[in-house]
Amino acid sequence: MKDSLVLLARVPAHPDSRCWFLAWNPAGTLLASCGGDRRVRIWGTEGESWICKSVLSEGHQRTVRKVAWSPCGNYLASASFDATTCIWKKNQDDFECVTTLEGHENEVKSVAWAPSGNLLATCSRDKSVWVWEVDEEDEYECVSVLNSHTQDVKHVVWHPSQELLASASYDDTVKLYREEEDDWVCYATLEGHESTVWSLAFDPSGQRLASCSDDRTVRIWRQYLPDNEQGVACSGSDPSWKCICTLSGFHSRTIYDVAWCQLTGALATACGDDAIRVFEEDPSSDPQQPTFSLTAHLPQAHSQDVNCVAWNPKEQGLLASCSDDGEVAFWKYQRPEGI
Amino acid sequence: SIDAREIFDLIRSINDPEHPLTLEELNVVEQVRVQVSDPESTVAVAFTPTIPHCSMATLIGLSIKVKLLRSLPQRFKMDVHITPGTHASEHAVNKQLADKERVAAALE
């Protein structure tokens, strides 16, 4: 199982600091990293090596916690403990901060772009999720402040094809939001985790959502529409979400991130036990009660906690990871034979 | 290799935020409540607030955590929690101390 994940390269991305998060651009040619050194770095290949192509400094006064590329690949958003979100515009290898989104009362924990490119979501320790609209002139306007969670909101992610937003929180729940008559509303709360939910990932079809938690489990949730064949109850016209699978007993510490490969459906996890794991759905499993098998387990993938794992959107099997040790690593994953 | 005595020596002289005494003098920390495994790189410290509604519990826990973070090799996983049954909000305090993102933001 060690051989299914092979190290390609390791770079000291945020020296003397921790690397918190990674994001591949839509073309899969660049990787953005961010960390406790208050910087964002952009990595690209030069022959066989990964080199730093740009450093975005002067954007934030404190730790940069997450970064996210716009669907067109021309913009990068960075969310910081300084309570702001910067929007950077890419011009070849240069990035210029074109706007700073303010409003959250304290640390911004996550930022995500909707697939349409017109909407952005942010979330914070102030317990709120904000939805922002961006127009053709690159003007950003906050269109909704959602106060559904009762604690610190750790992560936001958009559905791959619909304007549906999901958030994960220190209150142990996942919430789902959509627009209803010009306003954003929370239409579902997913309960089941026994501690903070750190991250989320939709599967390629958008029908399932994976969540990972301090409770050391990954849960898979499925959306059921009203009048579904399985007879899952829905209230009115709202879809209902059910937990259809729980992966427990695999991780020995907090799971900080989960990433669902949009090309192959493989699920990767980043864990506080310094390991990276990959799971794949068993081909014969029932879609309503799927089973996943562990296909890769790499202990000591890093020398400290792994904070993020990110699948390259274009190159199958290419996985990036980052850690509290400040390093970014690139891996080649190959599903082992006979599983 | 690192043992409980060594960990205890790091934290015994931390000053209590409210009294002119150390955590050891107040019995907030005791060597017997320190568990270490050097081969597994784990440290667990249970601390006992002076009273069950002590409002400084999170702060005390944080000062223990900071001392360990700054003194021990980076390979160590540290768990600082309230001695079970000794505080009214022990779950809430323990959860905050276990959240490395919250700790990092508080210390920055």
Side-chain angles (χ1 to χ4, degrees), chain A residues 16-18 20-21 35-38 60-66 79-83 106-110 124-126 150-155 169-172 194-199 213-216 252-254 256-257 271-274 299-300 302-305 307 323-327, chain B residues 1-2 6-7 10 34-47 55 57-59 61-85 87-108:
Chain A
D16 300 321
S17 191
R18 75 207 320 160
W20 275 115
F21 203 72
D37 61 0
R38 309 185 312 272
H60 292 293
Q61 320 273 312
R62 292 183 59 184
T63 287
V64 185
R65 181 61 180 91
K66 298 229 170 84
S80 168
F81 285 0
D82 69 10
N106 46 51
E107 300 92 70
V108 187
K109 303 291 179 90
S110 185
S124 162
R125 178 167 64 87
D126 69 12
T150 56
Q151 296 273 6
D152 184 4
V153 190
K154 300 295 199 185
H155 197 74
S169 169
Y170 186 97
D171 69 12
D172 308 349
E194 293 166 10
S195 190
T196 299
V197 187
W198 279 97
S199 193
S213 167
D214 175 61
D215 71 6
R216 307 171 182 188
S252 61
R253 296 187 78 89
T254 305
Y256 289 108
D257 197 24
C271 188
D273 62 8
D274 310 349
Q300 290 165 308
H302 289 275
S303 61
Q304 290 178 58
D305 292 7
N307 292 321
S323 166
D324 277 353
D325 66 11
E327 292 192 336
Chain B
S1 78
I2 295 175
E6 203 172 329
I7 305 292
L10 288 171
V34 175
Q35 320 265 317
V36 188
S37 165
D38 193 302
E40 284 164 26
S41 304
T42 58
V43 173
V45 173
F47 69 99
S55 58
T58 309
L59 188 58
L62 199 62
S63 63
I64 295 169
K65 197 139 207 200
V66 168
K67 191 68 207 277
L68 296 176
L69 284 169
R70 290 184 182 156
S71 316
L72 294 177
Q74 289 178 333
R75 63 182 166 95
F76 272 91
K77 306 291 185 191
M78 281 159 270
D79 161 34
V80 176
H81 61 270
I82 291 179
T83 303
H87 195 274
S89 306
E90 73 186 61
H91 175 78
V93 174
N94 290 343
K95 191 170 181 175
Q96 283 200 73
L97 293 173
D99 186 317
K100 73 177 187 188
E101 185 185 69
R102 294 283 280 259
V103 170
L107 298 178
E108 196 171 44

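Below, read A as the first sequence line, B as the second, and so on, with proteins coming before strands; counting in each chain starts at 1. All values reported here derive from a predicted model rather than from experimental measurement.
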Could you pull out the closest heavy-atom pair between B:Ala104 and A:Trp20, with the gap in Å? CB-CZ2, 4.3 Å

Looking only at A:Thr254, A:Thr63, A:Asp325, the option with the highest number of non-hydrogen pairs under 4.5 Å against chain B is A:Thr63

One thing to verify: whether A:Asp152 and B:Lys95 come together as a salt bridge, which I'm taking to mean a side-chain N less than 4.0 angstrom from a carboxylate O. no

Region of A:Tyr256 in contact with chain B, defined by heavy-atom distances below 4.5 Å: side chain

Should we say atom CD of A:Gln151 is surrounded by more than 12 heavy atoms from elsewhere, each under 6.0 Å from it? yes

Separation between CD (B:Gln74) and CZ (A:Arg18), nearest 0.5 Å, reads 10.0 Å

Short N-O contact, B:Lys77 and A:Asp305, less than 4.0 angstrom: yes

Check: B:Arg102 main-chain N/O paired with A:Arg125 side-chain donor or acceptor under 3.5 Å: no

Tell me, for A:Glu107 versus chain B, whether the close heavy atoms (under 4.5 Å) come from the side chain, the backbone, both or neither. side chain

Supply the atom-to-atom distance B:Glu101 CD to A:Arg65 CZ, rounded to the nearest 0.5 angstrom. 4.5 Å

NZ of B:Lys100 to CG of A:Asn307, rounded to nearest 0.5 Å, is 3.5 Å

Answer key: most heavy-atom pairs under 4.5 Å with chain B among A:Asn106, A:Asp274, A:Asp214, A:Asp273 is A:Asp274

Heavy-atom contact with chain A under 4.5 Å, split by part of B:Gln96: both

Quick check: does any side chain N or O of B:Glu108 sit under 3.5 Å from a backbone N or O of A:Arg62, one acting as donor and the other as acceptor? no

